[in-house]
Amino acid sequence: YEEERKFHKVFAPLHDMKVSDIRRIHVSTLLEEIASRSPTVANRSQTQLSCMFKRALNLGWIEHSPVFGMDKKGLEFPRDRYLSRDEIKSVWEHIDGLPRNHADIFKMLFYTAQRSGEVMSMMWEDIDFQERIWSQSANKSDRPHIVPLSDQVIELLQDRKEGKGFTKKQMWMGDSPFVFPS
């Protein structure tokens, strides 16, 4: 949705041009204008344009990408954001009111401090109950990552593995290779 919105709204100045007529100056001017308002949107837009022009290049519509080698226009700064104790307490108070799968995912996020995508794609084969580790083979960095597992995590995982606290309707999840099937 976001890429489609960007295509229709942000890239509107390029719509009346043939792809073969779009030059580096057109793209650069557009991205600098976007960067003056939102550096992050400019950088994400540049990435999307790069993909689009690469496709046009592969289809033979253009000979050179006007985005190739272009420096990012937006200056971004890393964010230092973490939840305060009050925020954690507020979220934690509501976790048990969630459906079981959701509640367990939120608990795992707090217990392990791992990314949500990594927690939600956790597989049973990656869990070593004896060594008390989770070997993440699929993650953002595409490098093996070992996560030590606390007593709370081991208990949560064992309860899920044994089906403790699940209704009969939810027991189908026990056949899944995923810890958090959906």
Side-chain angles (χ1 to χ4, degrees), residues 1-84 86-88 90-91 94-95 98-99 101-123 125-126 134-147 173 176-182:
Y1 168 79
E2 178 59 17
E3 273 69 25
E4 187 174 340
R5 182 199 68 79
K6 242 188 273 175
F7 179 80
H8 290 292
K9 185 176 180 186
V10 177
F11 303 152
L14 304 176
H15 287 183
D16 292 332
M17 301 176 73
K18 290 172 59 176
V19 70
S20 59
D21 292 339
I22 298 173
R23 300 286 175 253
R24 191 175 198 83
I25 188 68
H26 301 119
V27 174
S28 183
T29 303
L30 174 64
L31 293 173
E32 285 175 6
E33 192 271 322
I34 297 167
S36 69
R37 294 186 319 267
S38 176
T40 304
V41 171
N43 292 342
R44 300 306 168 274
S45 298
Q46 184 172 338
T47 299
Q48 186 176 352
L49 283 170
S50 180
C51 291
M52 292 166 55
F53 282 111
K54 183 176 181 184
R55 176 80 172 134
L57 194 63
N58 288 334
L59 291 171
W61 297 349
I62 57 176
E63 293 298 318
H64 304 284
S65 169
V67 185
F68 179 76
M70 186 180 287
D71 291 336
K72 296 286 185 187
K73 301 296 180 186
L75 184 58
E76 295 183 62
F77 300 96
R79 297 179 296 176
D80 286 331
R81 173 70 172 103
Y82 55 89
L83 297 177
S84 69
D86 289 339
E87 290 171 320
I88 291 171
S90 177
V91 171
H94 293 90
I95 286 178
L98 296 172
N101 226 30
H102 296 83
D104 286 352
I105 288 170
F106 274 106
K107 287 177 183 177
M108 287 294 291
L109 291 171
F110 280 110
Y111 290 151
T112 64
Q114 299 302 298
R115 291 181 176 89
S116 58
E118 292 164 357
V119 168
M120 290 186 289
S121 62
M122 180 186 281
M123 299 186 75
E125 68 185 27
D126 296 332
W134 166 24
S135 302
Q136 285 183 5
S137 50
N139 57 48
K140 186 177 178 180
S141 66
D142 280 335
R143 294 184 317 214
H145 182 67
I146 306 298
V147 180
M173 295 190 304
S176 175
F178 293 97
V179 176
F180 302 104
S182 64

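If you read the sequence from its start, that first residue is 1, and numbering goes on from there.
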Sorted by chain and number, sequence neighbours left out, ring-ring contact (aromatic ring centres under 6.0 Å, His included) with H94 holds for none
Applying side chain to side chain donor-acceptor pair (under 3.5 Å) to D104 and not counting sequence neighbours gives R100, R160
Is it true that atom CZ of R24 has more than 12 heavy atoms of other residues, nucleotides or ligands lying nearer than 6.0 Å? yes
Hits for ring-ring contact (aromatic ring centres under 6.0 Å, His included) against F68, two or more places apart or cross-chain, chain-then-number order -> none
Residue set satisfying side chain to side chain contact (heavy atoms under 4.5 Å, CB included) with I95, at least two apart, ordered chain then number -> V91, W92, A103, F106, K107, F110
S36 meets the side chain to side chain contact (heavy atoms under 4.5 Å, CB included) criterion, sequence neighbours left out, with none
Taken in chain and number order and not counting sequence neighbours, the residues that satisfy salt bridge (Lys or Arg N to Asp or Glu O under 4.0 Å) with E87 are R81
Contacts satisfying ring-ring contact (aromatic ring centres under 6.0 Å, His included) that involve residues 34-58 (not counting sequence neighbours) are none
For residues 26-41, the salt bridge (charged side-chain N to carboxylate O under 4.0 Å, His left out) pairs (sequence neighbours left out) are E32-K73, E33-R37
Residue pairs passing the salt bridge (charged side-chain N to carboxylate O under 4.0 Å, His left out) test with at least one member in residues 38-51, sequence neighbours excluded, are R44-E76
With sequence neighbours left out, the residues meeting side chain to side chain contact (heavy atoms under 4.5 Å, CB included) with H26 are L14, M17, I22, R23
Nearest heavy-atom contact between P181 and S176 is CB-OG, 3.5 Å
Hits for side chain to side chain contact (heavy atoms under 4.5 Å, CB included) against M120, two or more places apart or cross-chain, chain-then-number order -> I105, S116
Nearest heavy-atom approach of I62 to V19 is CG2-O, 3.7 Å
For residues 56-72, the side-chain hydrogen bond (donor to acceptor under 3.5 Å, both in side chains) pairs (sequence neighbours left out) are T47-K72
